[in-house]
Amino acid sequence: MGRKSLKEARQLEIIKIFYKVAKTEGYENTSIAKIAKVMDINPSLIIHYFETKEDLTYGLIDYILERYLLIYTIKNKDQVTLSDLKKTIEMLFSKKWNLLFDDGLFYTFYALAFREKKIKAKYKTILDSLRFALTSMIEQCNQKDLIKVEDAKAAADLIFVLVDGAYFYLSLESDKKAYAERLDYYKSKAYQILGVDATVFSDSILSS
């Protein structure tokens, strides 16, 4: 057990450095040798845990999933409240969500999904996991008569269609005011899907 934990910790350390180097220099320009140089270790030590750059990439995509699931910071996931649901919507359409993972790397890997079946499957796992978690929240609020959504799964899917489309489009927007206005507009549409009043949460509530 101890050896396994040590291995996983070491792999995560390497993945995080891989992420930092790729974020700075670009995925195509990142190599095992460069990662080893940043870590001040011999490249063979990295190869011991990840034989190829592709293996590192798969590990990093799994790390993306863990990062994105941080959006669901609910203490008791079996006792979801309307406040929890609203907080999640606020987080989805906030800078905190967008900054969980670098856009450039996210879309680089997304493009690779069209050429590599394993990456495609991993990306689908990410998107399905996010939708499943939101669906569960909507269903619980439905059961408590806090909201009335006919199809929780369809509602969650539509909200993430908004999220995915919004951030891709807004990644091209350089005007900060226009960015904020469009993001608020998309968020209001998400609330409409849920039939919920768009109550604005302060940054202090979002960080709690």
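We use all heavy atoms of the structure for the numbers below, so side chains are in, but hydrogens, waters and symmetry mates are not.
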The test is side-chain contact (heavy atoms from CB on, under 4.5 Å); show your working for Ile14 and Tyr49 and say whether it passes.
CA-CA 9 Å; Ile14 294 169; Tyr49 294 105; 3.7 Å; yes
Any heavy-atom pair between the side chains of Leu56 and Ile35 that's under 4.5 Å?
yes
Contact between Phe109 and Tyr58 at the side-chain level, heavy atoms closer than 4.5 Å - yes or no?
no
Less than 4.0 angstrom from a charged side-chain N to a carboxylate O is my criterion; do [X] and [Y] meet it?
{"X": "Lys187", "Y": "Asp184", "answer": "yes"}
{"X": "Glu13", "Y": "Arg10", "answer": "yes"}
{"X": "Lys118", "Y": "Asp62", "answer": "no"}

Under a single-linkage definition using a 4.5 Å side-chain heavy-atom cutoff for Ile, Leu, Val, Met, Phe, Trp and Tyr, are [X] and [Y] assigned to the same hydrophobic cluster?
{"X": "Phe114", "Y": "Ile126", "answer": "yes"}
{"X": "Ile47", "Y": "Leu60", "answer": "yes"}
{"X": "Leu12", "Y": "Ile64", "answer": "yes"}
{"X": "Met137", "Y": "Val161", "answer": "no"}
{"X": "Tyr185", "Y": "Phe160", "answer": "yes"}

Which atom names give the shortest non-hydrogen contact between [X] and [Y], and what distance separates them?
{"X": "Thr52", "Y": "Ile32", "result": "C-CD1, 4.0 Å"}
{"X": "Lys120", "Y": "Ala113", "result": "CB-O, 3.3 Å"}
{"X": "Ala190", "Y": "Leu162", "result": "N-CD1, 3.7 Å"}

Qualifying residues under ring-ring contact (aromatic ring centres under 6.0 Å, His included), relative to Phe168, sequence neighbours excluded:
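Expected list: Tyr107.
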Decide if atom [atom1] of [X] counts as having more than 12 heavy atoms of other residues, nucleotides or ligands within a radius under 6.0 Å.
{"X": "Glu51", "atom1": "CD", "value": "no"}
{"X": "Lys144", "atom1": "NZ", "value": "yes"}
{"X": "Lys153", "atom1": "NZ", "value": "no"}

Only one of Tyr123, Tyr63, Tyr19 clears ring-ring contact (aromatic ring centres under 6.0 Å, His included) with Phe106; which?
Tyr123
Using side-chain contact (heavy atoms from CB on, under 4.5 Å), reason through Ile89 and Val196 one step at a time and then give a plain yes or no.
CA-CA 11 Å; Ile89 296 300; Val196 174; over 6 Å; no
Within the distance-only criterion (no hydrogens, no angle test), does the side chain of Asn142 pair as donor or acceptor with the backbone N or O of Val149 below 3.5 angstrom?
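Yes; at least one donor-acceptor contact below 3.5 Å.
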Can you check whether Leu45's main-chain N or O pairs, donor with acceptor, with Asn42's side chain at less than 3.5 Å?
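Not at all, since once roles are kept as given, no pair shorter than 3.5 Å links the two residues.
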Checking Thr81 against Asp84: is there a side-chain donor and acceptor pair closer than 3.5 Å?
yes
Can you run down the side-chain hydrogen bond (donor to acceptor under 3.5 Å, both in side chains) pairs that involve residues 27-41, sequence neighbours left out, and say none if there aren't any?
Glu25-Lys34, Tyr27-Thr57
